[in-house]
Every structure is written in structure tokens, then in C-alpha cells.
Amino acid sequence: MARSLASIMSSISEMSHDSSDVDFFGMIYSEFGMGKTVTTVALAQQLRGEGDILFCDSSDGWVSLQEFPDLMDGVDRFRVADPADLIVVANGIAGGKLKSKRKKKFTVVVIDESSSVFDMMLESYLREKHGLGADDPLPEAEGKEYGPPTAAFESLLRKF
């Protein structure tokens with residue numbers, strides 16, 4: 001039987017009082033407009049501890065957060081225009097060089113619309129593979145063409 005959101009939030013609240021060096025990785029997936037961004041940032045608020053949240057997005061998720069000002073507390077936005085920028089961000093966080101606007105370390109990173117980031121990686125790969133310019137139409141990707149972008153995307157996520 002599926003657990004209720006209240007039950008999950010209660011478990012997360014209990015975990016927030018425990019001291020742990022374990023990283024957490026989670027993914028929320030559903031249709032457009034179902035509240036993924038708001039739910040994710042609400043969870044991030046419970047997990048952030050004394051640090052801040054870095055919200056990375058490549059789409060319009062930030063707009064839905066603006067309807068919930070309390071969720072914006074301690075959240076800095078980074079607009080992803082190129083997936084390679086996320087590697088720089090991950091390295092900056094890991095090296096302790098990237099701090100929030102409030103001079104705190106980022107303890108939670110939210111990558112909103114990660115499917116859009118993957119789509120950018122796939123498009124870039126296809127354009128390079130087929131020698132296409134920015135305005136040329138893309139061919140439909142074949143199954144084997146998903147391999148290199150998928151490996152690159154997984155490597156990117158591991159950096160965090």
C-alpha cells in the first residue's frame with residue numbers, strides 16, 4: 001500500500017533531527033502541473049538544516065514557487081542554460097567555494113526539470129554526431145543514440 005504524503009513528511013521530519021553524513025538523492029516524476037516543484041522544495045526545506053537550498057532549473061518551475069513565499073526562504077535560484085554549468089556548480093559546492101547569497105553553504109540542491117537538462121544533452125549530442133547547426137532540424141534519435149547522453153547525465157548527477 002502506498003504511504004500518504006503526511007506519513008512521508010513525518011518520516012522526513014523525524015530524520016531531520018538525526019545527525020548523519022549520508023547524502024540523499026530522490027526523484028519526483030509526474031505530469032505537468034501536478035505540484036512536483038512545490039513538493040520538492042517543501043521537502044528540501046525540511047532537509048536543509050542550517051544551510052541553504054540551491055534551486056537549479058531550466059524551465060518555469062520558479063514561477064510556481066513564487067506563489068508560496070514561505071518556501072522561498074533560504075533558496076537561491078540558478079538558471080540552467082547549459083548542462084555543463086551544473087558541473088561547475090557541483091564542483092563549486094564540493095570545494096566549498098560556492099555559497100548562498102546569505103553566505104551559507106548549500107546543504108540541498110534541487111534540479112528542477114531534469115528531463116529538460118537531459119533533452120539539452122541529447123540535442124547537443126545529436127547535433128554534433130550528425131554535423132547539424134543550431135537551426136537544422138533534428139533527426140529522430142535511435143535507441144543506441146541515447147547511450148552517450150544518458151551516461152553523461154548520470155555522471156553529472158553523481159557530481160552532486
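Just so it is clear, the structure is predicted and the values come from calculations on it, not from any experiment.
- F68 is not listed as a side-chain neighbour of V41, based on a closest heavy-atom distance of 4.5 Å or more.
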### Task
Begin from the C-alpha positions of K36 and D112 and carry the test salt bridge (Lys or Arg N to Asp or Glu O under 4.0 Å) through to its verdict.
CA-CA 9 Å; K36 297 177 297 295; D112 196 51; over 6 Å; no
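- Taking OG from S115 and CZ from F153, the interatomic distance works out to 8.0 Å, rounded to the nearest 0.5 Å.
- Of the candidates R102, K105, K99, D76 forms a salt bridge (Lys or Arg N to Asp or Glu O under 4.0 Å) with just one, namely R102.
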### Task
Evaluate the criterion side-chain contact (heavy atoms from CB on, under 4.5 Å) for residue pair M72 and L65; output intermediate values, then yes/no.
CA-CA 7 Å; M72 307 279 286; L65 286 178; 3.5 Å; yes
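- The only option from V108, L54, V110, I53 that meets the side chain to side chain contact (heavy atoms under 4.5 Å, CB included) definition with V75 turns out to be I53.
- L71 and V109 fall into different hydrophobic clusters, where Ile, Leu, Val, Met, Phe, Trp and Tyr side chains are chained together by heavy-atom contacts under 4.5 Å.
- Among all heavy-atom pairs drawn from M34 and S30, the shortest one is CB-OG, 3.2 Å.
- With hydrogens and angles disregarded, a donor-acceptor distance shorter than 3.5 Å links the side chain of R127 to the backbone of D136.
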### Task
Run the numbers on L43 and I28 for side-chain contact (heavy atoms from CB on, under 4.5 Å), then give the verdict.
CA-CA 11 Å; L43 291 170; I28 297 177; 4.0 Å; yes
### Task
Given side-chain contact (heavy atoms from CB on, under 4.5 Å), test V89 with F106 step by step and report yes or no.
CA-CA 11 Å; V89 168; F106 290 110; over 6 Å; no
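- For R48 against D73, the heavy-atom pair with the smallest separation is NH2-OD2, 3.2 Å.
- Taking 4.0 Å as the cut-off between side-chain N and carboxylate O, R79 and D85 do not count as a salt-bridged pair.
- A pairwise comparison of heavy atoms in A90 and K159 identifies CB-CB, 3.6 Å as the closest pair.
- Closest approach of E50 and K104 over heavy atoms only: O-CD, 3.4 Å.
- Atoms CG and OG, on L157 and S114 in that order, are 7.0 Å from each other to the nearest 0.5 Å.
- In plain terms, the two heavy atoms of D52 and S100 that are nearest each other are OD2-OG, 2.6 Å.
- Taking hydrophobic clusters as Ile, Leu, Val, Met, Phe, Trp and Tyr residues chained together by side-chain heavy-atom distances below 4.5 Å, I111 does not share a cluster with L47.
- The minimum heavy-atom distance between P139 and L132, with the atom names listed, is CD-CD1, 3.5 Å.
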